[in-house]
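What follows is one structure encoded as structure tokens, with my remarks underneath.
Computed from a predicted structure; not experimentally measured. Letters go in sequence order (proteins before strands), and every chain restarts at 1.
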There are 2 protein chains.
Amino acid sequence: MTANDGVIHEPRACDSALARAFNFLGKRWSGVILGTLTQGPAGFSELRRAVTGISDSVLSERLTELVGAGLIERFVHDGPPITVEYTLTVAGKGLLPAMRELTTWAECNLPA
Amino acid sequence: MTANDGVIHEPRACDSALARAFNFLGKRWSGVILGTLTQGPAGFSELRRAVTGISDSVLSERLTELVGAGLIERFVHDGPPITVEYTLTVAGKGLLPAMRELTTWAECNLPA
DNA sequence: CTGTGGAACTTGCTTTTTACTAGTGGCTTG
DNA sequence: CAAGCCACTAGTAAAAAGCAAGTTCCACAG
């Protein structure tokens with residue numbers, strides 16, 4: 001160690017912010033749920049239908065997580081016909097541009 | 001069915017392109033691997049160090065998948081000291097803008 | 001030439017996540 | 001009041017991820 005003191009081969013880490021993002025998005029279904037919600041609020045069954053393939057329990061779990069993370073909100077409208085509505089929070093809406101980028105990318109680069 | 005023929009309450013599906021994107025990105029680690037590779041090519045061990053927490057077997061699997069999907073390429077430089085290098089393909093590089101969006105979003109909305 | 005160590009994986013086994021039913025309680029519809 | 005939708009919760013089985021070790025090829029130290 002003669003000349004390059006201090007510059008100890010930084011091991012090239014992935015951006016920690018990106019890593020944090022993929023703590024949520026890297027979980028199966030989260031991205032699609034968020035993506036669906038970008039089109040507007042939805043109820044539980046509506047989401048289940050939109051996110052083809054997901055099961056009730058996992059949807060419930062993912063929603064709880066995302067609410068906990070502050071990306072979506074859960075509103076209970078008690079009618080009498082009590083309904084639940086999930087919407088994006090401000091933080092969640094911030095994902096819109098990224099989602100759009102992702103969508104256009106997928107359209108060009110991922111054949112169906 | 002009198003006036004609204006054809007407009008049968010479309011069940012609001014998530015954009016299929018987005019869903020396709022999350023077929024890859026929705027898997028644990030894929031996003032971070034791709035994100036690391038946006039900073040330049042890397043070898044296996046380099047990736048293992050960059051993607052903190054991933055195991056060898058999963059990294060190997062993810063890389064194979066991503067190669068198969070055409071997002072990254074695997075080059076074998078046989079020296080004698082034979083080394084392998086993973087780089088983004090053109091399709092993979094197309095993810096850059098989306099990644100950037102995601103990173104800035106995470107910086108603002110996801111506290112460490 | 002023996003020993004240490006890195007690169008790039010693969011294999012085998014355990015633990016965590018997901019998925020697949022079912023079931024609950026409130027409320028509407030016929 | 002039976003049948004059905006909504007929003008979930010519970011229980012269990014299958015799939016994925018994690019962990020630890022082993023492998024081959026090579027380089028460098030002693």
Identify the pairs formed between an N or O of the protein and an N or O of nucleotides 27-30 of chain C at a distance under 3.5 Å, and give each distance.
none

Please determine whether a side-chain nitrogen or oxygen atom of [X] lies at a distance below 4.0 Å from atom OP1 or OP2 of [N].
| X | N | value |
| --- | --- | --- |
| A:Arg48 | D:dC5 | no |
| B:Ser57 | C:dT11 | no |
| B:Trp29 | D:dG18 | yes |
| A:Ser45 | D:dC5 | no |
| A:Arg28 | C:dA19 | yes |
| A:Ser55 | C:dT21 | no |
| A:Arg49 | D:dC6 | yes |

Whole angstrom value for the distance that separates [atom2] of [N] from [atom1] of [X]:
| X | N | atom1 | atom2 | value |
| --- | --- | --- | --- | --- |
| B:Lys27 | C:dA19 | NZ | C1' | 15 Å |
| A:Leu63 | D:dT9 | CG | P | 10 Å |
| B:Glu85 | C:dA7 | CD | C1' | 14 Å |
| B:Asp56 | C:dA7 | CG | C1' | 11 Å |
| B:Glu65 | D:dA17 | CD | C1' | 12 Å |
| B:Glu46 | C:dA8 | CD | P | 8 Å |
| A:Glu61 | D:dG11 | CD | P | 15 Å |
| A:Arg62 | D:dT9 | CZ | P | 14 Å |

Worksheet item: Is A:Arg62 salt-bridged to A:Glu65, cutoff N-O under 4.0 Å?
Response: yes
Flag, side chain of [X] to backbone of [Y], donor-acceptor distance under 3.5 Å:
| X | Y | answer |
| --- | --- | --- |
| A:Trp105 | B:Gly92 | no |
| A:Thr89 | A:Gly70 | yes |
| B:Glu46 | B:Gly43 | yes |
| B:Ser30 | B:Phe24 | yes |

Worksheet item: Got A:Phe75 and A:Val84 here, is their nearest side-chain heavy-atom distance under 4.5 Å?
Response: no
Practice prompt. Apply the side chain to side chain contact (heavy atoms under 4.5 Å, CB included) test between B:Leu66 and each candidate in B:Leu88, B:Ile72, B:Leu37; give the one that qualifies.
Written response: B:Ile72
